[in-house]
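Remember, predicted model here, so these are calculated numbers, not experimental data.
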Amino acid sequence: MKYICRTILLLIISFSTLCGQDNAPKRERPEELLARLKRNLVKYENGDVCLEMKPSKFCEDLFNSINRNGTGVWEAIFMYLLYLDPEMDAKSYIEGLEKKSWIQPWFLGLREYFKRMGFKRVKTETLIAKRIPDRAIMDCIDEGMPVPISTESISKFFTEALTQRSALRKETANIDDWIAILKKSPLPRDVQKVGGDMGEGAFIVGYNKKSKEYLLKIKLHQWEFIEYWATSDEMQKVLGLGKIHLLTLQ
C-alpha cells in the first residue's frame, strides 16, 4: 500500500512538472534569434541595406523604471539589448554595471550572456575608428546586427547639414546621380568638426556599398532618434578617436 501511494505521488509530481514546463514561456533558440534579427533587414533598389531598429513604449517605460536621470547613452544601450533579445533582463543587466565607461563593460559582458544561451561562437571586437572597417560593419548589418559606436557628442552643425542632405538623398532615386551630387557638393570643412551637443548614443544601422555611405541612428534626449547618411570619410571625422563595437553570433 505504501509503495502504491508513493508511486501515485511521484506521478502527480511528474505531471505537475510537465504542465509547468508547457505553461512556461519558451526561450528562443539561437537559430530562431538569428532568423528574427535578419527579418529586420530591408534592401532597396538603389542599393541601400538598412535595419529597422525602432524604440518602443515598452522599452521606454521599462528603462524609466530604473530611475536613471535620462542619460541618452544608457537609453541607447538599453534599446540595443532589447533589440537583440526581448527576453533579456535588461533592467538588471544595466543596474549591475559600473558607469565609468559608457559602452565597454556591457558590451564585453554580452559574450558570456549569449554563450549561456547556446551560441557556439560569440565574438566581440572594439576597434579604434582611425579607419572604418567597411567589410566588418557590412557583415554585421547583413546579419541583422546594429553596430554601436562611441564618440564625443556630435557637432550640431554637422548633424543639421547631414540631415538636410539626407532629405535631398530621398528625392534622388538613382544612386549614380546621388554619387555625382556627393562629389560636387561635399560638406564644408568647418561643418565636419567633432564636438558639440547633438547625440548621446549612436548606431550604424545601414550602408550603401556603391556610394560608400553609412546610415547613422543618433539618440537624442527623451527617446528621440534621428537618422542620416554619411560617407565613410565623413563618419571617420565624426567619430574622431571614438570606437566601433562589433558583435558576431553563430
Query - Chi angles and distances behind the side-chain contact (heavy atoms from CB on, under 4.5 Å) call for R169, I175 - result: CA-CA 9 Å; R169 189 183 192 277; I175 195 64; 4.0 Å; yes
Query - pair L84-L247: side-chain heavy atoms closer than 4.5 Å - result: yes
Query raised in the report: Are the side chain of N208 and the backbone of N46 linked by a donor-acceptor contact shorter than 3.5 Å?
Result: yes
**Report entry** Atom CD of E31 with >12 non-hydrogen neighbours under 6.0 angstrom
**Finding:** yes
Query raised in the report: Any side-chain heavy atom of W178 within less than 4.5 Å of one from E213?
Result: yes
Query - side-chain contact (heavy atoms from CB on, under 4.5 Å) evaluation trace for L216 with I204 - result: CA-CA 5 Å; L216 301 182; I204 304 170; 3.8 Å; yes
Query raised in the report: Among E52, E227, M145, which one satisfies side-chain contact (heavy atoms from CB on, under 4.5 Å) with V205?
Result: E227
Query raised in the report: Side chains of F203 and L51: closer than 4.5 Å at any heavy-atom pair?
Result: no
Report task. Quick one: sort the F119 and F114 rings into parallel, tilted or perpendicular, breaks at 30° and 60°. Result -> perpendicular
Report task. For the pair H245 and T124, evaluate side-chain contact (heavy atoms from CB on, under 4.5 Å) and give the outcome as yes or no after the intermediate values. Result -> CA-CA 7 Å; H245 307 273; T124 56; over 6 Å; no
Requested in this report: Verify whether one side chain among Y113 and D89 offers a donor that lies under 3.5 Å from an acceptor in the other.
Outcome: no
Query - N/O donor-acceptor pair under 3.5 Å between T231 side chain and K212 backbone - result: no
Query raised in the report: So, do E143 and L249 sit near enough that their side-chain heavy atoms are less than 4.5 Å apart?
Result: no
**Report entry** Short side-chain to backbone donor-acceptor contact, K210 and G47, under 3.5 Å
**Finding:** no
**Report entry** Hphob cluster co-occupancy, L127 + Y214, side-chain heavy atoms under 4.5 angstrom
**Finding:** yes
**Report entry** Residue pair D85 / L81, side-chain heavy-atom distance below 4.5 Å
**Finding:** no
Report task. State whether D134 and K209 are salt-bridged, where the test is any N-O pair (Lys NZ or Arg NE/NH1/NH2 against Asp/Glu carboxylate O) under 4.0 Å. Result -> no
